[in-house]
Amino acid sequence: QVQLVESGGGLVQPGGSLRLSCAASGIIFSIYTMGWYRQAPGKQRELVAVVTSGVSTNYADSLKGRFTISRDNAKHTVYLQMNSLKPEDTAVYYCYFRQWQRDYWGQGTQVTVSS
């Protein structure tokens, strides 16, 4: 019903930046939430940030100030600007989409922060 296509992951050095993108397609209603979660090796999946149709945002406390989430409603696309990256940011980042009572997940894109 909804497909999510992610891009922007890769390898960066500590202190560097990356921008992730996720475009949704399919049956899209007028009100939906999009965002990002991540899962590091040996850890549970955790919230990174989400943004609603009303552009209200919610960040993980530890990431607020370094990461910025935004969305383009015309393109049904969400972005995650990641600055001042740290090795502990290394994880698989998953795009998240929710409308009404249904959740959708992207394939996941690897972000590796290493010197």
Side-chain angles (χ1 to χ4, degrees):
Q1 186 176 32
V2 176
Q3 297 79 44
L4 305 174
V5 179
E6 303 161 332
S7 63
L11 173 65
V12 296
Q13 295 184 343
S17 298
L18 282 176
R19 186 191 302 273
L20 305 182
S21 299
C22 177
S25 62
I27 303 175
I28 309 297
F29 293 92
S30 59
I31 301 176
Y32 59 89
T33 296
M34 296 188 72
W36 296 90
Y37 286 70
R38 70 183 185 183
Q39 186 167 20
K43 297 184 178 181
Q44 300 182 50
R45 186 175 298 187
E46 65 177 354
L47 169 73
V48 175
V50 295
V51 57
T52 68
S53 293
V55 301
S56 177
T57 58
N58 183 28
Y59 295 88
D61 289 339
S62 62
L63 303 179
K64 190 173 180 63
R66 294 193 297 120
F67 290 12
T68 302
I69 191 169
S70 61
R71 64 188 279 167
D72 184 333
N73 288 331
K75 299 179 179 179
H76 305 310
T77 298
V78 65
Y79 307 92
L80 183 68
Q81 178 66 45
M82 304 185 293
N83 298 324
S84 302
L85 284 163
K86 305 174 181 179
E88 51 263 44
D89 294 319
T90 296
V92 177
Y93 285 70
Y94 295 91
C95 181
Y96 169 77
F97 180 99
R98 177 180 176 84
Q99 61 181 358
W100 296 105
Q101 298 180 356
R102 295 176 177 173
D103 294 338
Y104 303 86
W105 295 93
Q107 311 83 8
T109 184
Q110 178 70 47
V111 172
T112 301
V113 185
S114 177
S115 59

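Side chains included, hydrogens not; waters and symmetry mates left out as well; all remaining heavy atoms used. These numbers come from a predicted model, not from an experiment.
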- Answer yes or no: is there a side-chain heavy-atom contact under 4.5 Å between S25 and V5? no
- Task: State the CZ-CZ distance between F29 and R102, to the nearest 0.5 angstrom.
- Result: 7.5 Å
- Query: Got a second to check how far W36's CH2 is from Y96's OH, nearest 0.5 Å?
  - Reply: 14.0 Å
- Does atom CD1 of I31 have more than 12 heavy-atom neighbours, drawn from other residues, nucleotides or ligands, at distances under 6.0 Å? no
- Heavy-atom check, side chain of L11 versus side chain of Q110, under 4.5 Å: no
- Message: With rounding to the nearest 0.5 angstrom, report the CE to CG distance, M34 to L80.
- Response: 11.5 Å
- Item | Distance (rounded to the nearest 0.5 Å) between Q81 CD and I69 CD1 | 12.0 Å
- Task: Would you give the length of the straight line joining atom CG of L63 to atom OG of S84, rounded to the nearest 0.5 angstrom?
- Result: 12.0 Å
- Q44 atom CD: more than 12 heavy-atom contacts under 6.0 Å: no
- Query: Got Y79 and T68 here, is their nearest side-chain heavy-atom distance under 4.5 Å?
  - Reply: no
- Item | Reference residue R38; test side chain to side chain contact (heavy atoms under 4.5 Å, CB included); the match among V92, D89, V111 | D89
- Taking atom CG of D103 as the centre, report whether more than 12 heavy atoms of other residues, nucleotides or ligands fall under 6.0 Å from it. yes
- Residue among F97, Y93, W105, Y94 satisfying ring-ring contact (aromatic ring centres under 6.0 Å, His included) with Y37: W105
- Considering all heavy atoms, the nearest S53-S30 contact: OG-O, 3.7 Å
- Query: Do Y104 and Q1 have side-chain N/O donor and acceptor atoms under 3.5 Å apart?
  - Reply: yes
- SG (C22) and NZ (K75) are apart, to the nearest 0.5 Å, by 14.0 Å
- Task: Cation-pi check, R71 to Y32: give yes when NZ or CZ is under 6.0 Å from the six-membered ring centre and within 45° of the ring axis, no otherwise.
- Result: yes
